[in-house]
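What follows is a short report on a single structure.
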There are 2 protein chains.
Amino acid sequence: MGVTIYDVAKKANVSMATVSRVINGNTNVKPTTRQKVIDAINELGFRPNAVARGLASRKTTSVGVIIPDISNLFFAELARGIEDIASMYKYHIILSSSDQQKTKELDLLDNMLEKQVDGVIFMGSSVTDEHIEAFDRANVPVILAATVDESQSLPSVNIDYYQAMKEAVESISDDTTSGIGFVTSPLNAKINDMKKQGYIDALKERSLPFNEESIFDGDDSYNSGIEAANQFLSLSQPPKAIIASSDEMALGVIHGAQDNGVKIPEELNVIGFDNTRLANMVRPTLTSVLQPMYDIGAVSMRLLTKLLQGEDIEQEQITLPHRIVERDSTK
Amino acid sequence: MGVTIYDVAKKANVSMATVSRVINGNTNVKPTTRQKVIDAINELGFRPNAVARGLASRKTTSVGVIIPDISNLFFAELARGIEDIASMYKYHIILSSSDQQKTKELDLLDNMLEKQVDGVIFMGSSVTDEHIEAFDRANVPVILAATVDESQSLPSVNIDYYQAMKEAVESISDDTTSGIGFVTSPLNAKINDMKKQGYIDALKERSLPFNEESIFDGDDSYNSGIEAANQFLSLSQPPKAIIASSDEMALGVIHGAQDNGVKIPEELNVIGFDNTRLANMVRPTLTSVLQPMYDIGAVSMRLLTKLLQGEDIEQEQITLPHRIVERDSTK
DNA sequence: GTGAAAGCGCTAACAG
DNA sequence: CTGTTAGCGCTTTCAC
């Protein structure tokens, strides 16, 4: 560029300190002086250099966001939540996808810290001791969004996955004979484990059958939902309901079942997870466990701003409400 | 933090200049010295400060990305392409959603420039003179991704929207009596105009009827697709085919038609645009115009790295290939 | 092959 | 209310 705070100072016949004050909205400047400076800024087309400011102030007003995959609907929605609040508080987002690979996650964190981000929002499948160590060394606040850490030592924003899943199972109408299938995935391993536990406990409470065949390990894709349906329907005693840990897999289940001539919901109930826009884009429409992705992102970022600005925090581990949105794929 | 290049220098008994050389892989350092420095770096847990480096070198290795809406499947995919190439070349991404509002776009650009980004990738609905001016003042390269600018003065990456749409119309089987409907949206106005022109020209060539009723102005949402279907089917002479400018709207069209008891593709052909994952998640599966979103992002970023590193550019306005992926919603 | 020194553009005491 | 003066941590000539 070229034009600096110093050029502005000269043009306005003041010191650079005064220019700095004007730029930063410091009130201790006489209105006339302020105006002189503002005029000079406009005439010169001066644009403050945030890098220099960052070096001097040790604050960059940018936060790092480590996300598994930005092209995934679920995370993209979450990212939007983060972003909206960030821009509301004048922060910038440095965004990187990790594909949930630990080395990549750790590398990204390091790179972001080199860039002197003021804080980090982390989304990942599991939080290992190595992660915790790295977060500690970071010296800036790190928030977990839609990510659980068993040690509970980090600020985080989640829903109660265990309970949500349990309710999903309970929402299925009574019929004590046949079982309920569950389609899981390795993505977000920790969270899916919690869902699985909720699923198992709920079955137990209802004295419904459970065995290894009750669970299908998908990969979070539509196609693995189709495979799951085929698998379940080929059992000697097919389940009367299938719950998938993502909407996309649930859509696959619906279509897979329909391709087998199974009527939904009459012969098979299907429940998805996340209540993404997809839930409305299928016939029958999909009953799904609403997980407020956007809000998780927004609340995470808000929490981070509080941490950054030294505001009081009542609660560092936040649990947002979930709810089952009933549509036509059940009952 | 605390530990600086200076601490490392002291510990290794060299000058900070030498440490700097080691960090930057400068070859003019004696191997033994280099090793001493590296040891010191590790012992101290030194992490270079990219902000200071940015100030001194006037390069930040970060690029700004202005995107309409990161939670939109189409753009999210594009963003992933940008990101993958960026990280391959050690650049960071500063990402912000503009909602295609001009003021926001311009503001974001300004903010990013203050942060001294080395370049910008811009996605937006239309490129006005004001945009061009702002891009000029930027003093860093700006690339348009999936965004057309009539003046053709900026580097850009797109497909041939006009031609793609024309081919979509041509792909519909002959039947000279009834017309073909088009569902458009204000999003990406410029691009949709080109599609519209391709649509109109193709109709003309096939001597198919065209009037105002042939076009439905949607809003890019699933629901507006449903409305479009209702609207078209209520015409005295309903079209025998409907093309939507996005897959999500096309899905709406399919379901809207099916809800009216219309059989697809027997009674109505439907074609979407973008060939997103959605195209496989409907019954019947959706024929769609493949637009390589990921590639558009990747190629844009690659182009930017070339510009940034002074590599030779053969072509600044890149047109990527498109293609119609036929599925069960047509013929 | 290595060191000294001068900035990069701005913030932040500290005076006055 | 305003100016002076140090840095922030690193890169980059220019010497030696």
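Below, read A as the first sequence line, B as the second, and so on, with proteins coming before strands; counting in each chain starts at 1. Just so you know, these numbers use all the heavy atoms, side chains as well, and skip hydrogens, waters and symmetry mates.
- Put simply, CG on A:L55 is 7 Å from P on D:dG9, counting in whole angstrom units.
- Contact annotation: A:N24 side-chain N/O to C:dT11 OP1/OP2 distance is under 4.0 Å.
- In this entry the distance linking OH of B:Y6 with C1' of C:dA4 reads 12 Å, nearest Å.
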* Asked: When you look at A:R80 and B:D99, which way does the salt bridge (Lys or Arg N to Asp or Glu O under 4.0 Å) test go after all the steps?
  -> CA-CA 11 Å; A:R80 189 72 215 272; B:D99 293 315; 3.0 Å; yes
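- Taking atom CD1 on A:I23 and atom P on C:dC10, their separation rounds to 6 Å, with Å as the unit.
- With the nearest nucleotide of DNA chain C identified for both A:A52 and B:R34, B:R34 has the one nearer the 5' end.
- A salt bridge does not link B:R53 to A:E114: none of the charged nitrogens lies less than 4.0 Å from a carboxylate oxygen.
- Counting distance only, with no hydrogens placed and no angle test, the side-chain atoms of B:R21 and the base atoms of C:dG3 include a donor-acceptor pair under 3.5 Å.
- Between the side chain of B:R58 and the base of C:dG9, no donor-acceptor pair under 3.5 Å is found.
- For A:A17, the listed nucleotide lying nearest its side chain is D:dT4; candidates were D:dT4, C:dC10, D:dG9.
- Within a 6.0 Å radius of NZ in B:K306, more than 12 heavy atoms belonging to other residues, nucleotides or ligands are found.
- Tested against B:M123, the residues B:D69, B:I66, B:I82, B:I143 include a single side chain to side chain contact (heavy atoms under 4.5 Å, CB included) partner, B:I82.
- Considering only side-chain N and O atoms, B:T18 lies under 4.0 angstrom from the phosphate OP1 or OP2 of C:dG3.
- Residue A:T33 has a polar side-chain atom (N or O) positioned under 4.0 Å from OP1 or OP2 of D:dT2.
- Nucleic acid contact class of B:N28 (heavy atoms, under 4.0 Å, all strands): base.
- Across all strands shown, A:V14 has heavy atoms under 4.0 Å from sugar-phosphate atoms exclusively, and none from any base.
- Residue B:M16 contributes atom CE, which lies 11 Å from atom C1' of C:dA6 at whole-angstrom precision.
- At C:dT2, none of the side-chain N or O atoms of B:S15 fall inside 4.0 Å of OP1 or OP2 (strictly under the cut-off).
- Nearest nucleotide to the side chain of B:N49, out of D:dT12, D:dG9, C:dC10: D:dG9.
- At a threshold of 4.0 angstrom between heavy atoms, the contacts of B:S20 include nucleobase atoms, whether or not backbone atoms are also involved.
- The environment of CG in A:N42 is crowded: more than 12 heavy-atom neighbours from other residues, nucleotides or ligands sit within 6.0 Å.
- Going from atom CG of A:D7 over to atom C1' of C:dC10 covers 13 Å, rounded to whole Å.
- Protein atom CZ of A:R47 is 12 Å distant from nucleotide atom P of C:dC10, rounded to whole Å.
- One interatomic measurement links the two molecules: CZ of B:R53 to P of D:dC8, which rounds to 18 Å at whole-angstrom precision.
- The separation between B:I5 atom CD1 and D:dT12 atom C1' is 12 Å, rounded to whole Å.
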